[in-house]
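Each ligand, and each atom within it, is numbered from 1 in the order the structure gives. Residue indices begin at 1 and follow the sequence shown.
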Amino acid sequence: DRAPLPSRRPRQDANIPRAMRPLRLALVASELAPFAKTGGLADVLLGLGRWLGKKAPQGPGHDVRLFVPLYRRIEKSGLKTTPLPGAQNIDVRFPQRTIRFSIRTAPLPQSDVVVHFVDCKELFDREGIYTEDGDEALRFGLLSRAVPETCQRLQWAPDVVHCNDWHTGLLPLYLKTVYAWDKLFAGTKTVLTIHNIGYQGLFPDSQLDVLGLGDQRAHVHHGDLRDGKLSFLKTGVLHAHRLTTVSRTYAREIQTAEYGMGMDELLRSRSQDLVGIVNGVDYGEWDPQTDPRIPHHFTVDDLSGKAKMKAAMLQRFSLPHDPRAPVFGVVSRLTAQKGFELFADSIPVFLQREDMRLCVLGSGEDKHEKYFQWLRDTWPHKVGIFRGFQEDLAHWIEAGSDLFLMPSRFEPCGLNQMYSLRYGTPPIVRRTGGLADTVEAWDPHTRRGTGFLFDEYSSKALAGTIDWALRNWRDQLGWRQLVKNGMQRDFSWNRQGPEYLALYRALLGL
Ligand code: ADP
């Protein structure tokens, strides 16, 4: 490797008290809204990045740099990016091949934060964000290495490198090994946030050689190695200075065999370093009063726009409109995690019995898509479905529905239930993960609460709760209060962001 470069820490902050000084933060992920998104991870990076980069009243914001791959879909979107001087044509040597990348930048919309797109056609100029290609491990291995490589070129010493999910799981180990010689990173701390333990980045252990970690076998999970495997996420859990996940309940749950997906023992061994921080909501994007993606706006004091949204949405789904018929909304990845298998023995009963509507937006596993199509074919005047990913329709459904369905088997945090609360659409959720932390059971007597919860993962429990929700729907006065309660809850980054900042500062001893 190259000879060590003299490392300089910028002196700009010499006069600022240590505890106040802006931090240099590198946030790294495979997704970032609005550029590349398949789920909540993208929204979280956008919201947290914006919040951290915001100018504080008494001084500058933190120096935040977001690192994400420059996927083909971003290039094709027409986004204007500029080459970052000093970070062009960087060669990263892996044992079997050398990979060249450059950094191109663009501002994160409505913020002072700069996105560092890792431009590497060889690996990222592909159809999808995620692939099943043979070099998937290398694609995200490169993303991890691109961060320290870029920092070196810029002589920018990050205080914290904040990694997210398995795609960035190798970064802490790379910093400890391949880049250990470089004093630039002497004070750098790493944080790994687990957004979903269902995705671990499992590869054959032969990938260690491909990734340049062949001589680090002692530092990856031994049990996996015995099985001939390498887990990106476990490697991250082993080596990051601090671990977070996206709700308090999920932080507890993943340390149990039921929810840990094989990682519970490892997580228990690091339980002192693991905290749950609920995701914030970016109300700049998700607020029914200002949302540019919906045609009718509304507030907690004037819900007339919501009634109009209901009519407009039903029209879009080609369903007949009746203000008295409750509309259930679903916006989701259609995967096993989301609990739609519970619909099979519950939803048809209600569709048969009730004058209701069900509007679904989602894509994913074939069997779920087919099931929703079957519902549509069987009750064409009650069920509407859009397959695929449509950002604006997601906003329409949040705004135009009366109830939001999210019966997840597990849910690290979940954003949709928080969006639905804001849009006056009480959620029906299972009491798990972030759903348990963000939805409070409605009690018609005290008139407290924001939604409807069930515990047992069964169709019966879901059906019972839908039934209960429908009984409450008939009491429109109570319903109004329920809607108001939810709309007034605050899950903004102004509340959640400081928890991350406190964690960074504690980690840095500031
Ligand atoms: P997850 O990250 O597990 O998918 P979350 O509730 O945390 O679940 O976040 C899902 C995000 O993805 C939300 O912003 C939601 O609106 C969006 N989303 C999911 N499916 C679709 C879809 N088919 N079309 C548009 N947006 C979608």
Looking only at protein heavy atoms, identify the closest one to [atom] and say how far it is in Å.
atom: atom 2 (O) of ligand 1; value: G40 N, 2.6 Å
atom: atom 7 (O) of ligand 1; value: L415 N, 3.2 Å
atom: atom 22 (C) of ligand 1; value: F389 CD1, 3.4 Å
atom: atom 24 (N) of ligand 1; value: Q390 N, 3.0 Å

When you measure from the heavy atoms of [X] to every atom of ligand 1, does any distance fall below 4.0 Å?
X: Y419; value: yes
X: G388; value: yes
X: G414; value: yes

Can you sort out which atoms of ligand 1 are near [X], meaning under 4.0 Å from one of its heavy atoms?
X: R333; result: 1 (P), 3 (O), 4 (O), 20 (N)
X: G362; result: 23 (N)
X: V331; result: 16 (O), 18 (N), 21 (C), 27 (C)
X: L361; result: 22 (C), 23 (N), 24 (N), 25 (C)
X: S332; result: 20 (N)

* To do: Test the R422-F491 pair against the cation-pi criterion, namely NZ or CZ under 6.0 angstrom from the six-membered ring centroid and within 45° of the ring axis.
  =>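 Output no; distance or angle outside limits.
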* Asked: Is NZ or CZ of R145 both nearer than 6.0 Å to the six-membered ring centre of Y174 and within 45° of the ring axis?
  ->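 Positive - R145 is close enough to the ring of Y174 and near enough to its axis.
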Looking at [Y] and [X], is any side-chain nitrogen of the basic one under 4.0 Å from a carboxylate oxygen of the acidic one?
X: D135; Y: R126; result: yes
X: E31; Y: K37; result: no
X: E411; Y: R431; result: no
X: R72; Y: E127; result: yes

Residue part near ligand 1, for [X], under 4.0 Å between non-hydrogen atoms:
X: D43; value: side chain
X: K338; value: side chain
X: K37; value: side chain
X: A42; value: neither

* Does CZ in R448 sit with more than 12 non-hydrogen atoms of other residues, nucleotides or ligands closer than 6.0 Å? ->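 Incorrect, the count does not exceed 12.
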* To do: Dump the intermediate steps for side chain to side chain donor-acceptor pair (under 3.5 Å) on D437 and T249, then the final yes or no.
  => CA-CA 7 Å; D437 294 359; T249 298; 2.3 Å; yes
* To do: Pick, from T335, N416, T38, V281, the option with the minimum heavy-atom distance to atom 13 (C) of ligand 1.
  =>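 Going through T335, N416, T38, V281 one by one, N416 has the nearest heavy atom to atom 13 (C) of ligand 1.
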* To do: Examine F117 together with F35 and report whether their ring centres are nearer than 6.0 Å.
  => yes
* Asked: Can you check whether F343 and H368 have ring centres sitting under 6.0 Å from each other?
  -> no
* Does anything in residues 339-349 pair up under side-chain hydrogen bond (donor to acceptor under 3.5 Å, both in side chains), and if so which pairs, sequence neighbours excluded? ->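 Those involving residues 339-349 are E341-Y457.
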